[in-house]
Novice: 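Before anything else, here's the structure in question.
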Amino acid sequence: MNYTHEMEKAMHHAHGIGFEVYCQKHQERMKVENRREQEYSLSRKIVENFAKKQHHL
């Protein structure tokens, strides 16, 4: 996979590992993907709650 310096920096900042480790180590990749899934679910709940509050105004 080709990736830029900015992508590498963002990966380290967000997940504490680089793309090479992410690509080579299945266990680390699963940790990252599980964290991403949890963050996505939380953000969807926040959006839903906000939408409900806006609807009731």
Side-chain angles (χ1 to χ4, degrees):
M1 174 180 183
N2 294 332
Y3 51 89
T4 66
H5 176 70
E6 288 80 17
M7 292 168 64
E8 180 73 17
K9 195 165 131 181
M11 186 73 161
H12 271 284
H13 178 71
H15 304 290
I17 64 171
F19 273 106
E20 191 170 332
V21 173
Y22 175 83
C23 292
Q24 292 177 355
K25 296 190 176 185
H26 179 74
Q27 190 66 28
E28 292 301 317
R29 187 168 48 249
M30 291 295 94
K31 286 179 188 177
V32 168
E33 294 307 321
N34 284 333
R35 201 172 318 128
R36 284 180 175 165
E37 183 67 30
Q38 289 173 354
E39 290 171 357
Y40 176 76
S41 294
L42 179 59
S43 69
R44 293 302 308 155
K45 288 178 186 176
I46 291 169
V47 169
E48 287 173 17
N49 288 338
F50 181 76
K52 286 178 186 176
K53 288 179 183 178
Q54 292 298 314
H55 182 69
H56 290 311
L57 292 178

Novice: Side-chain donor-acceptor pairs under 3.5 Å in residues 14-29, sequence neighbours left out?
Specialist:
unit_1: His15; atom_1: ND1; unit_2: Arg35; atom_2: NH1; d: 3.1
unit_1: Tyr22; atom_1: OH; unit_2: Glu33; atom_2: OE2; d: 2.4
unit_1: Glu28; atom_1: OE2; unit_2: Lys31; atom_2: NZ; d: 3.4
unit_1: Arg29; atom_1: NH1; unit_2: Tyr22; atom_2: O; d: 2.9
unit_1: Arg29; atom_1: NH1; unit_2: Cys23; atom_2: O; d: 2.9

Novice: Output all residues satisfying side-chain contact (heavy atoms from CB on, under 4.5 Å) with Phe50, sequence neighbours left out; order by chain, then residue number.
Specialist: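 With neighbours one apart ignored, the set is Gln54.
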
Novice: Identify, with sequence neighbours excluded, every residue that meets side-chain contact (heavy atoms from CB on, under 4.5 Å) alongside Ser41.
Specialist: Glu37

Novice: Which atom pair, heavy atoms only, marks the closest approach of Val32 to Met11?
Specialist: CG1-CE, 4.4 Å

Novice: So how far is it from Lys52 NZ to His55 NE2, rounded to the nearest 0.5 Å?
Specialist: 11.0 Å

Novice: Could you grab the distance from atom CG of Asn2 to atom CE of Met7, nearest 0.5 Å is fine?
Specialist: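 Answer rounded to 0.5 Å: 9.0 Å.
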
Novice: For Leu42, what are the other residues in its hydrophobic cluster, where any two members join if their side-chain heavy atoms are less than 4.5 angstrom apart?
Specialist: Ile46

